[in-house]
There are 2 protein chains.
Amino acid sequence: MIYDYAGMVALADPTRRKVFELIADRPRSVIDLTRVLPVSQPAVSQHLKVLKEARLVRAEPKGASNIYHLDPHGLGEMRAWLDRMWGDALDAFKREVDNSKEKRK
Amino acid sequence: MIYDYAGMVALADPTRRKVFELIADRPRSVIDLTRVLPVSQPAVSQHLKVLKEARLVRAEPKGASNIYHLDPHGLGEMRAWLDRMWGDALDAFKREVDNSKEKRK
DNA sequence: CATAATCATAAATCATGACTTATGATAAGC
DNA sequence: GCTTATCATAAGTCATGATTTATGATTATG
């Protein structure tokens, strides 16, 4: 199984998940996000940094603002990673069931 | 979007993810897991508790041992939750793209 | 019955990371 | 040019949670 679960870690924090969801709703600037969230602007910036490094969002400078969008590439990668993990887990479970059936014969 | 992301949080810790993967590979006792992992037995038990509360694994007592298996129910629920989240995110992204196309006309 | 093996919980320690308060850098508006 | 708005980074604080040691409970074994 593969290593890259940065996205998982990124989305495990409740505030950061909120940030992600707000951006998923529609692209927003840092100030925009800060206005809605119960944390300071630097806190928001730091969460955005984590999300960006996990390739879940990307920044697009617009004047003095920085508009954050979803990053479809990273999103796709995480999706693929999750699918793989799920496949492995379910395959293993299936093998286990078959195995116990085998034994019962 | 729904609340329940306990599974996400549970799998965000590297040691706990390793525990999950080992169990996915095949059902194991606590001692079995402890032998492989670089942490103490109580640490393993506590990780198992988190995974169990997230309904990713379940325990099956066998003599003095406790064999941990994957929990297909909880696994299915988390899968559904992730699919929903992904659907929402990708739908939102699609709307955004359509929107910018619209504007460009 | 006594000892050994397995496991879970409690309490304490320790590391990580979430958050805050500065602060500086860049861009827009007057 | 000066002020205002937006943002990121640095440094420090604080909370959370991952881990350890100690211990008791349960079950198998001799």
Side-chain angles (χ1 to χ4, degrees), chain A residues 3-23 25-71 74 78, chain B residues 3-23 25-71 74 78:
Chain A
Y3 259 176
D4 173 23
Y5 67 114
M8 200 102 195
V9 175
L11 294 181
D13 177 76
T15 304
R16 203 152 47 219
R17 228 167 69 76
K18 196 76 195 288
V19 170
F20 176 77
E21 290 175 12
L22 287 168
I23 295 176
D25 178 43
R26 60 181 165 82
R28 306 191 194 223
S29 68
V30 178
I31 274 263
D32 253 11
L33 293 166
T34 304
R35 272 193 263 267
V36 177
L37 296 164
V39 295
S40 67
Q41 173 266 313
V44 173
S45 279
Q46 288 165 31
H47 284 308
L48 287 168
K49 186 178 185 180
V50 175
L51 289 171
K52 192 167 62 177
E53 281 170 355
R55 306 199 19 167
L56 294 178
V57 304
R58 59 186 176 74
E60 193 158 296
K62 179 160 192 172
S65 289
N66 222 354
I67 312 293
Y68 281 84
H69 302 249
L70 292 188
D71 181 345
M78 183 173 173
Chain B
Y3 264 173
D4 172 25
Y5 67 113
M8 200 104 193
V9 176
L11 294 181
D13 177 76
T15 303
R16 204 151 47 221
R17 227 167 69 76
K18 195 75 195 286
V19 171
F20 175 78
E21 290 175 12
L22 287 168
I23 295 175
D25 178 42
R26 60 181 165 83
R28 306 189 193 224
S29 68
V30 179
I31 274 265
D32 253 11
L33 293 166
T34 304
R35 273 193 261 269
V36 178
L37 295 164
V39 295
S40 67
Q41 173 266 313
V44 173
S45 279
Q46 289 167 35
H47 284 307
L48 287 168
K49 186 178 185 182
V50 175
L51 289 170
K52 191 167 62 177
E53 282 170 356
R55 305 197 22 165
L56 294 179
V57 305
R58 60 186 175 73
E60 194 158 295
K62 179 160 194 171
S65 288
N66 222 355
I67 313 292
Y68 281 84
H69 302 249
L70 291 189
D71 181 344
M78 183 174 174

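Basis for what follows: all heavy atoms, side chains included, without hydrogens, waters or symmetry-related copies. Letters A, B, ... are given to chains in the order of the sequence lines, protein chains preceding strands, and every chain is numbered from 1.
Applying the side-chain contact (heavy atoms from CB on, under 4.5 Å) criterion to Ile31(A), with sequence neighbours excluded, gives Ser29(A), Arg35(A). In terms of the side chain to side chain donor-acceptor pair (under 3.5 Å) criterion, residue partners of Ser45(B) (sequence neighbours excluded) are, by chain and number, Gln41(B). Remark: Arg16(B) pairs with no residue by the salt bridge (Lys or Arg N to Asp or Glu O under 4.0 Å) rule, at least two apart or across chains. Looking at residues two or more places apart in sequence or on another chain, you find a side chain to side chain donor-acceptor pair (under 3.5 Å) between Glu60(B) and Arg58(B).
Distance check, rounded to the nearest 0.5 Å: CG of Asp71(A) to CG of Leu51(A) gives 11.0 Å. The CG atom of Leu33(B) sits 9.0 Å away from atom OH of Tyr68(B), with the distance rounded to the nearest 0.5 Å.
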Produce the list of close N/O pairs, under 3.5 Å, pairing protein atoms with atoms of nucleotides 17-22 of chain C; give distances to one decimal.
residue : atom : partner  : partner atom : Å
dA18(C) : OP2  : Arg16(A) : NH1          : 2.8
dC19(C) : OP1  : Thr15(A) : OG1          : 3.1
dC19(C) : OP2  : His47(A) : NE2          : 2.3
dC19(C) : N4   : Gln46(A) : OE1          : 3.4
dT20(C) : OP2  : Ser40(A) : N            : 2.8
dT20(C) : OP2  : Ser40(A) : OG           : 2.7
dT20(C) : O4   : Gln46(A) : NE2          : 3.0

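Whole-Å rounding puts the Lys62(A) NZ to dA28(C) P distance at 11 Å.
Evaluation of the salt bridge (charged side-chain N to carboxylate O under 4.0 Å, His left out) test over residues 40-55 of chain A, restricted to residues two or more places apart or in two chains, returns Arg55(A)-Glu77(A).
Contact of the Leu11(A) side chain with the Phe20(A) side chain is registered, since non-hydrogen atoms from C-beta on lie closer than 4.5 Å.
If you walk DNA chain D from 5' to 3' and mark each nucleotide with an atom closer than 4.0 Å to a heavy atom of chain B, the marks span dA18(D) to dA28(D).
Residue Ser45(A) is classed as a base contact, given a heavy-atom separation below 4.0 Å to a base.
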